[in-house]
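Written out below as structure tokens is the structure these notes cover.
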Amino acid sequence: MFSKILIANRGEIAVRIIRTCRRLGVKTVAVHSDADRNALFVDMADEAIALGGQTAAESYLKGERIIEAAIRTGAEAIHPGYGFLSENPDFADAVTKAGLRFIGPPASAIRAMGLKDAAKVAMEKAGVPVVPGYHGTSRDPDHLLNEARRIGFPVLIKARAGGGGKGMRRVESEAEFKLALESAEREAQASFGDPACLIEKYVSHPRHIEIQVFADDHGNVVHLFERDCSAQRRHQKVIEEAPAPGMPEDMRAAMGAAAVKAAKAIGYSGAGTVEFIADASEGLGMDRFWFMEMNTRLQVEHPVTEAITGEDLVEWQLRVASGEVLPKRQDELEMKGWAVEARLYAEDVPAGFLPSTGTISHLDLPEDLVRIDSGIRTGDRVTPFYDPMIAKLIAAGTTRAEALSRLERALAEVRITGLTTNAAFLRRLIRQPDFAAGNPDTGLIGRHIEELAKEQEAGPEITALAALVLTGLLDPPASTDPWANLSGFRLWSRPEEVVVLDRDGDWQEVRLTAKVDGGWVVRLGAQSVELGVRRPGADRYRLAVDGRSVEALLVRADAGITVFSQGASHRFRLADLLGQSHADTHAGDHVTAPMPGLVKQVRVRAGEGVQAGQALAVMEAMKMELTLSAPRAGRVASVRVAEGEQVEAGALLIDLEPENG
Ligand code: ADP
């Protein structure tokens, strides 16, 4: 076993690797960007080396600097985690050349799987079933269109260098093909520096099922069963589980064998994942799964495999890389129970899943209920520089239903302020009937997106509590003067308190009247409710309306409060009645950048008439293309940006004016 390793990564995966290293008595060296200098993983490592820079390109992708850091600190090996340099064969080569061990497969195996087209050719040769399609080298749009016709629509265009669902377009018909190809190529070029795409038959009712494989340098290859990652949004995994619901035993054996064959064919070593797509239109069957690609590294979702097998995959990686044989033979591995992982992201789901950046002012994760893998703590900033994942929640149970219900409860207890999370979306997904029944497919989230992503409504009791707290009406009296004791309890006049609340920019007037019995009458517009409030703990309230009572937890931060109740969170502050922001009657006249990024295209010119919803500009942010459309019909008054410009969140891009104005 190594005595010291360097971790060429950040965030939760760096923390995850350090945990196992500590247990095994292996010392760790962290490397970090300027933006991460106060991060948890940096503090947890035995030593840390600053790489400088903010963006990934300036820091975690600087292979040479990272190798230098390893040599300087006397580390014997480099663990690349996932993402960044983990699947870069030149880096793996450079590590080996420097006399260090790369904790991952040989560079040749990474290369063999690096491009999806070449990988598919190799797998076909090895006798692994692959998705029918075109994986030749032509870039001619007419030729590709012909191939798409031959394959039969719908087809999927995929960047051959792709990953993370980027550069991927589903195409329904010939008419859409060339535009989709162009856009996929553009995204592929931006994300991977390689525009080339392949075309696949779009599998109907697709399920994403992948096999965890492990190989050592002594010729042993095993698999650690499957993970189902069919719950996806735009080809990105949202919830992963193991085992796969409804998986027949013969199919499990066939997929495991195919994955082992794939690993052997490329001389694999270490942890890898062979991803398959299965046609589940008539349930899962062993003649209906095909190889998609192999990820030659540890996956984000590896904890669900750890949960059902009881193995520590990072430990396996370290043992294999240090030359040991695999800790277990195939017949010694078994799976037990069920595990589900949810990816908790800093994102504003109702706003279209926009990454939500900011400083985490309060962080409370239910460590007692589920395994939490996170690299974040209170006070950390979630920046636009890296992936906005806050934590992975991994729930285990003896049955799927038990694991899901534990995960749902854990998500309801996630309490984070300072930015918006996708916790409510994840909970709704877990309760979605098809998902809950064990029938996930990759299109499920897309089909139900409206109900899954809708804004969380605050009941009148929540709004009333916010109003009472923000006005101080519930505060215990500060003095013993009997006349000062009566702020909420003015018997003689029962005056009405009028409060205007600002809930994420929406203003609402709340009228509160104290009742003789200590309760309140709350008027919200035309609605009127009677509310009872008890306070069993400092920030814990019990709210009674209509003979029903609910618990609410309150966190004060960011000049306002966040009320957590029944798995939802609601942010309030007192409206700034004198401020200008809300009085802006020109809302809808401006198109602003929803997040920091690059302006890729400006599609309109000043003076041009536009329709509501018409695409005005395309931005690239977090490596994704984002189309900005007109909030209403009108005419372009001015264009304030040029293509190629880098803009801040909120930057004014385009002004509209009424058509006849
Ligand atoms: P990436 O490397 O970008 O993650 P993958 O090839 O792994 O791309 O595919 C990502 C997801 O896209 C899959 O999990 C699956 O949901 C969907 N997908 C990929 N290929 C197909 C296909 N041929 N038919 C239907 N869906 C597909």
Side-chain angles (χ1 to χ4, degrees), residues 35 54-58 157 159 161-170 176 179-195 197 233-236 345-358 381-389 419-420 422 446 449 453 505 586-606 608 610-656:
Q54 304 274 339
T55 63
E58 295 162 352
I157 302 174
K166 283 161 200 153
M168 203 179 283
R169 296 287 183 281
R170 176 184 160 154
E176 300 163 33
L179 226 91
L181 179 66
E182 220 178 89
S183 147
E185 288 183 336
R186 201 167 46 227
E187 198 169 295
Q189 175 66 41
S191 301
F192 316 110
D194 175 358
C197 291
R233 183 182 155 266
R234 298 206 177 155
H235 309 302
Q236 305 223 45
Y345 271 94
E347 62 186 9
D348 188 342
V349 171
F353 294 84
L354 282 183
S356 166
T357 53
R381 269 172 60 73
V382 173
T383 66
F385 302 121
Y386 317 108
D387 185 74
M389 187 160 75
L419 41 73
T420 309
N422 65 343
I449 194 70
H586 295 287
D589 282 346
H590 306 300
V591 177
T592 54
M595 51 204 263
L598 180 75
V599 178
K600 302 261 337 175
Q601 278 189 353
V602 178
R603 297 212 174 147
V604 288
R605 264 185 276 179
E608 211 175 310
V610 295
Q611 298 301 313
Q614 182 179 332
L616 303 180
V618 179
M619 278 186 67
E620 188 199 62
M622 324 284 292
K623 293 259 161 87
M624 301 273 272
E625 274 196 18
L626 204 75
T627 302
L628 306 178
S629 47
R632 60 169 179 77
R635 196 173 40 210
V636 176
S638 58
V639 175
R640 294 165 180 256
V641 280
E643 294 186 354
E645 224 175 292
Q646 193 76 32
V647 294
E648 288 298 319
L652 194 52
L653 306 180
I654 290 166
D655 295 312
L656 298 177

Shortest non-hydrogen contact from P384 toward T357: N-CG2, 3.7 Å
How close do A159 and C197 get, heavy atom to heavy atom, and via which atoms? CA-SG, 3.9 Å
Apply side-chain contact (heavy atoms from CB on, under 4.5 Å) to the pair R605 and V636, showing each step before the final yes or no. CA-CA 7 Å; R605 264 185 276 179; V636 176; over 6 Å; no
For a salt bridge (Lys or Arg N to Asp or Glu O under 4.0 Å) with E187, tell me which candidate from K166, K600, R169, R234 qualifies. R169
Residue pair V618 / L628, side-chain heavy-atom distance below 4.5 Å: no
For the student: nearest non-hydrogen atoms of Q189 and P195, plus distance: OE1-CD, 3.1 Å
Considering all heavy atoms of both residues, which atom of A346 and which atom of V382 are nearest to each other, and what is their separation? CB-CG1, 4.0 Å
Quick check on E643: does its CD atom have over 12 non-hydrogen neighbours (other residues, nucleotides or ligands) under 6.0 Å away? yes
Using a 4.5 Å cut-off on heavy atoms from C-beta on, say whether the side chain of D655 contacts that of R640. yes
Tell me every residue that passes side-chain contact (heavy atoms from CB on, under 4.5 Å) with A35, counting only those two or more places apart in sequence or in another chain. S33, Q54, F385, Y386
Rounded to the nearest 0.5 Å, what separation is found between the CZ atom of R233 and the CD atom of E347? 6.5 Å
Looking only at side-chain N and O atoms, does S356 offer a donor or acceptor that is under 3.5 Å from a partner on D348? no
Could you tell me which non-hydrogen atom of V610 sits nearest to which non-hydrogen atom of A630, and how far apart they are? CG2-CB, 4.1 Å
Spacing of OG1 belonging to T592 relative to NE2 belonging to H590, to within rounding of 0.5 Å: 9.0 Å
Where do L616 and V591 come nearest, in terms of heavy atoms and distance? CD1-CG2, 3.6 Å
Look only at the side chain of E620 and the backbone of L598, and say whether a donor-acceptor pair between them is shorter than 3.5 Å. no
Give, for atom CG of L653 and atom CD of E645, the distance between the pair rounded to the nearest 0.5 Å. 9.0 Å
Is there a donor-acceptor pair closer than 3.5 Å between any side-chain N or O of N422 and the backbone N or O of Y345? yes
